[in-house]
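Since the structure comes first, as structure tokens, the remarks are kept for the end.
We name chains A, B, ... by the order of the sequence lines, and we start the count at 1 in each one.
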Amino acid sequence: MRLSRFFLPILRETPKEAEIASHRLMLRAGMIRQEAAGIYSFLPLGFRVLQKVCQIVREEQNRSGAIELLMPTIQSADLWRESGRYDAYGKEMLRIKDRHDRDMLYGPTNEEMITAIFRSYVRSYKDLPLNLYHIQWKFRDEVRPRFGLMRGREFLMKDAYSFDLDFEGAKHAYNRMFVAYLRTFARMGLRSIPMVAESGPIGGNLSHEFIILADTGESEVFCHSDYLGFDVPGPDVDFGNVATLQKIVDQWTSLYAATSDKHDEAAYAALSGDKRLSARGIEVGHIFYFGTKYSTPMKALVAGPDGVERPVHMGSYGIGPSRLVGAIIEAFHDEVGIKWPQPVAPFQVIILNLKQGGSDTDAACEQLYAALTAKGIDTLYHDLDERPGAKFATADLIGIPWQILVGPRSLAEGKIELKRRSDGLRELLSPTDALIRLSA
RNA sequence: CGGGGUAUAGCGCAGCCUGGUAGCGCGGCAGUUUUGGGUACUGCAGGUCGCAGGUUCAAAUCCUGCUGCCCCGACCA
């Protein structure tokens with residue numbers, strides 16, 4: 001992509017409403033635009049990151065055996081009357097009426113709808129286990145939205161719903177998501193720590209929040225520092241193997257880890273001093289087992305091998321991709337801008353032509369741009385007529401992992417400069433060597 | 001939902017106290033200049049001063065009401 005043909009509205013000054021780093025940087029980098037309190041447009045750069053995040057989430061959901069579908073944002077109130085939540089949910093739910101004066105709502109979550117889908121088609125234990133998920137916009141009319149994408153009213157959520165015949169099956173479904181979540185966040189460069197959680201208004205009694213540590217996190221968390229060193233399961237983990245998954249989950253739940261809501265001062269104090277980790281955290285995922293909370297009132301029944309019908313055991317599993325975009329920035333930035341982990345970066349490489357209009361630099365940039373593009377590497381070519389300093393500032397701000405600096409000084413020796421955004425490491429290389437390096 | 005702020009050009013702000021028909025920086029456009037860390041200069045464009053009422057010869061400025069947005073707290077992916 002040539003910057004001259006892209007839409008990247010960089011802000012030189014920070015809008016006053018942005019307090020935390022991710023919000024400030026997303027606005028400045030032209031990733032998002034606020035439309036109302038807690039409601040944002042994703043501009044092209046931000047949308048690219050959001051799509052990268054969704055794709056990783058999707059791949060790991062699929063790997064674990066979950067199946068993607070897509071439910072609507074607007075739901076009928078009748079569905080929620082069945083579960084009793086239409087009255088219980090409160091003002092967080094955006095309630096609307098259609099032209100026939102029917103009660104509708106903008107979905108804050110989809111337990112009711114997925115249960116209705118399930119009961120329409122599934123009658124037998126032979127169709128289980130089943131895990132259905134979608135990635136769809138949610139609306140929760142938060143009293144006080146804040147921190148940009150971290151706490152929006154409209155937000156993108158991956159929500160998965162598992163269906164099993166009994167608790168044992170549901171436990172394995174829970175473990176599958178547990179392991180998938182560890183992998184999902186790790187692939188984005190994040191170390192997530194599962195913490196014992198309140199089950200909240202969704203209900204249930206087996207629940208973990210996946211927290212990543214960041215100074216600007218909303219919650220105060222306490223955990224054993226060994227969590228930082230645990231191995232994350234590899235891509236070859238056998239999601240069908242009950243014992244294997246249980247072993248992984250047992251390890252990742254063996255040590256103390258809790259948010260301030262569930263904090264047990266005594267248990268924490270019992271840890272040896274050098275293992276105590278007290279920090280701020282951001283909740284990026286939340287998983288629940290809630291048994292038959294919805295299947296019973298909504299009559300989602302399946303026949304077991306004995307022919308007896310019983311309510312299906314369910315769990316729900318959420319990840320907030322739009323929040324993750326903010327969370328990743330909280331974890332990876334410095335004073336001048338974002339430092340995207342490679343897997344979620346909107347572009348892999350940015351070429352900075354330090355003398356736009358110079359025949360040598362232009363030619364070298366065009367060649368690099370063509371070669372990188374041919375190799376399938378997402379490349380942004382900064383081809384605007386700007387001062388080198390402005391280009392450096394832009395590149396650092398938007399945080400593309402690799403910068404290729406093409407200027408007359410190094411080009412005289414047949415070299416370009418390759419700069420890594422994460423640590424500022426610079427190397428003088430021939431364009432050919434740079435290509436090899438970036439293709440690796 | 002309680003408490004506190006704020007609203008003037010795309011962004012950041014001054015002007016309001018003491019009423020007289022709107023200004024600065026950045027950004028944008030045209031040009032000159034410069035070419036390895038946001039260069040300098042010239043010119044130009046851009047504003048229903050959040051909305052509605054009121055007071056006044058005259059309102060960005062004073063009064064009343066409303067709304068949006070932000071921050072702190074209680075609540076959530």
Side-chain angles (χ1 to χ4, degrees), chain A residues 9-20 23-24 27-28 30 33-39 53 57 89-93 107-110 135-160 181 197-202 207-212 218-219 259 261 282-288 316-327 336-337 352-358 360-362 384-397 403-412 415-417 419 424 426 428:
Chain A
I10 298 261
L11 266 38
R12 197 159 165 168
E13 286 171 271
T14 305
K16 63 176 174 187
E17 73 270 16
E19 290 282 312
I20 65 168
H23 190 197
R24 196 170 63 233
L27 288 170
R28 284 202 55 215
R33 175 188 135 85
Q34 181 169 351
E35 303 297 352
I39 301 178
V53 168
V57 169
Y89 216 93
K91 298 184 79 169
E92 267 203 356
M93 184 155 74
T109 177
N110 285 62
I135 300 177
Q136 177 63 288
W137 293 95
K138 303 292 187 290
F139 193 91
R140 293 184 189 173
D141 202 355
E142 296 272 347
V143 214
R144 182 153 103 84
R146 59 187 125 172
F147 304 143
L149 293 186
M150 304 289 283
R151 185 75 175 277
R153 290 194 293 171
E154 187 177 61
F155 59 97
L156 195 58
M157 182 159 99
K158 184 287 299 180
D159 39 325
Y181 276 31
E198 294 284 358
S199 51
I202 305 273
S207 177
H208 284 91
E209 287 181 14
F210 285 73
I211 302 278
I212 64 162
E218 274 200 89
S219 7
T259 61
D261 309 343
I282 301 169
E283 180 184 353
V284 289
H286 201 157
I287 61 179
F288 304 89
S316 76
Y317 315 89
I319 290 180
S322 49
R323 169 181 283 186
L324 263 172
V325 174
V336 295
L352 303 183
N353 188 341
L354 302 183
K355 186 171 183 180
Q356 202 73 43
D360 293 347
T361 48
D362 283 5
L384 299 179
D385 186 18
E386 286 181 5
R387 300 270 307 180
K391 293 193 177 189
F392 294 140
T394 296
D396 287 346
L397 174 63
Q403 300 174 10
I404 298 181
L405 282 50
V406 181
R409 191 190 290 174
S410 47
L411 207 53
K415 300 282 177 64
I416 56 87
E417 195 170 332
K419 178 183 162 189
R426 296 152 174 272
L428 270 178

Open item on the list: Is there a ring pair (Phe, Tyr, Trp, His ring centres under 6.0 Å) between A:His208 and A:Phe210? Walk through the geometry before answering.
Closed with: CA-CA 6 Å; A:His208 284 91; A:Phe210 285 73; 7.1 Å; no
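- With a cut-off of 3.5 Å on both pairing distances, the Watson-Crick or G-U wobble partner of B:rG2 is B:rC72.
- Rounded to whole Å, the distance from CG on A:Leu428 to C1' on B:rG36 is 12 Å.
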TODO: Kindly indicate, with the supporting measurements, whether the criterion side chain to side chain contact (heavy atoms under 4.5 Å, CB included) is fulfilled by A:Leu354 and A:Arg387.
DONE: CA-CA 7 Å; A:Leu354 302 183; A:Arg387 300 270 307 180; over 6 Å; no
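- Between B:rA40 and B:rG23, the distance separating the two P atoms is 24 Å to the nearest Å.
- Here the P atom of nucleotide B:rG28 and the CG atom of A:Leu384 are 10 Å apart, to the nearest Å.
- Looking at heavy-atom distances under 4.0 Å, A:Arg426 makes contact with a base.
- Side-chain to base pairing of A:Arg12 with B:rG28: no donor and acceptor N or O lie closer than 3.5 Å to each other.
- Regarding A:Asp385, its CG atom lies at a distance of 11 Å from the P atom of B:rA30, rounded to whole Å.
- Distance check on atom C1': B:rG47 versus B:rG28 gives 15 Å, rounded to whole Å.
- Residue A:Ala393 places its side chain closer to B:rG38 than to any other of B:rG38, B:rG37, B:rC76.
- Distance noted for atom P between B:rA60 and B:rU55: 16 Å (whole Å).
- You'll find that the side chain of A:Glu417 is closest to B:rG36, out of B:rC76, B:rG38, B:rG36.
- Heavy-atom nearest nucleotides on RNA chain B were determined for A:His23 and for A:Phe155, and the one closer to the 5' end corresponds to A:His23.
- The side chain of A:Arg409 lies closest to B:rG36 when the candidates are B:rG36, B:rC76, B:rG38.
- Using a 4.0 Å heavy-atom cutoff across all strands shown, A:Gly318 reaches no nucleic acid atom at all.
- For the pair A:Arg151 and A:Glu218, the salt-bridge criterion is met [side-chain N within less than 4.0 Å of a carboxylate O].
- Within the 4.5 Å cutoff, the side chain of A:Leu149 has no heavy atoms near those of the A:His23 side chain.
- Regarding contacts with the backbone of B:rG68, every side-chain N or O of A:Gln34 stays at 4.0 angstrom or more from both OP1 and OP2.
- The separation of B:rA14 from B:rG4, taken at their C1' atoms, amounts to 23 Å, rounded to a whole angstrom.
- When both pairing distances are held under 3.5 Å, B:rC41 makes a Watson-Crick or G-U pair with B:rG31.
- Atom CD of A:Gln356 and atom C1' of B:rU34 are 15 Å apart (whole Å).
- Across B:rC26 and B:rU56, the matching C1' atoms stand 38 Å from one another, rounded to whole Å.
- Look at the C1' atom in both B:rA22 and B:rC16: the space between them is 12 Å, to the nearest Å.
- A:Thr14 contributes no side-chain N or O that forms a donor-acceptor pair with the base of B:rG12 under 3.5 Å.
- At a threshold of 4.5 Å between non-hydrogen side-chain atoms, the residues A:Ile10 and A:Leu397 count as touching.
- Counting any heavy atom pair closer than 4.0 Å across all strands shown, A:Ala37 reaches sugar-phosphate atoms only and no base atom.
- Under the Watson-Crick and G-U wobble criteria, each requiring two contacts below 3.5 Å, nucleotide B:rG19 is left unpaired.
- Remark: B:rU61 base-pairs with no nucleotide in the shown strands. Criterion, Watson-Crick or G-U wobble with two distances under 3.5 Å.
- Looking only at side-chain heavy atoms (C-beta outward), A:Thr361 and A:Gln356 stay at 4.5 Å or farther from each other.
- A:Leu405 comes within contact range of at least one nucleobase, with a heavy-atom separation under 4.0 Å.
- Side-chain to base pairing of A:Arg387 with B:rU35: no donor and acceptor N or O lie closer than 3.5 Å to each other.
- OP1 or OP2 of B:rC72 lies within a sub-4.0 Å distance of a side-chain N or O belonging to A:Arg144.
- For A:Pro388, whose side chain is taken as the heavy atoms from C-beta onward, the closest listed nucleotide among B:rG38, B:rC72, B:rG36 is B:rG36.
- For B:rU35 and B:rG5, the C1' atoms lie 45 Å apart once the distance is rounded to whole Å.
- With hydrogens and angles left out, the side chain of A:Glu13 and the base of B:rG25 share a donor-acceptor pair within 3.5 Å.
- In this model, no donor atom of one side chain and acceptor atom of the other lie less than 3.5 Å apart for A:Asp159 and A:Gln136.
- Heavy-atom distances to RNA chain B give each of A:Lys391 and A:Lys91 a nearest nucleotide, and the one nearer the 5′ end belongs to A:Lys91.
- If you check every strand for non-hydrogen atoms under 4.0 Å, A:Gly152 touches a base.
- One can find a donor-acceptor pair under 3.5 Å joining the base of B:rC75 and the side-chain atoms of A:Arg151.
- Put simply, the side chain of A:Glu386 and the base of B:rG38 share no donor and acceptor less than 3.5 Å apart.
- Residue contacts for A:Asp396: at a heavy-atom cut-off of 4.0 Å it reaches a base atom on one of the strands shown.
- Of the candidates B:rG36, B:rA74, B:rG38, the closest approach to any side-chain atom of A:Leu354 belongs to B:rG36.
- By the 6.0 Å contact criterion, NZ on A:Lys419 is enclosed, its count of non-hydrogen atoms from other residues, nucleotides or ligands being greater than 12.
- Checked against B:rA74, B:rC76, B:rG37, the side chain of A:Glu92 finds its nearest nucleotide in B:rC76.
- At a threshold of 4.0 angstrom between heavy atoms, the contacts of A:Arg153 with the nucleic acid are absent.
- The distance from atom CD1 of A:Ile10 to atom P of B:rC26 is 19 Å, rounded to the nearest whole Å.
- Across all strands shown, B:rG50 is found opposite B:rC66 as a Watson-Crick or G-U wobble partner, with both distances under 3.5 Å.
- Taking 4.5 Å as the limit, every side-chain heavy atom of A:Val143 sits out of range of all side-chain heavy atoms of A:Lys91.
- A distance of about 42 Å separates the C1' atoms of B:rG2 and B:rU21, rounded to the whole Å.
- Pairing for B:rC24 is with B:rG12, a Watson-Crick or G-U wobble pair whose two hydrogen-bonding atom distances lie under 3.5 Å.
- Taking atom CZ of A:Arg146 as the reference point, atom P of B:rC71 lies 8 Å away to the nearest angstrom.
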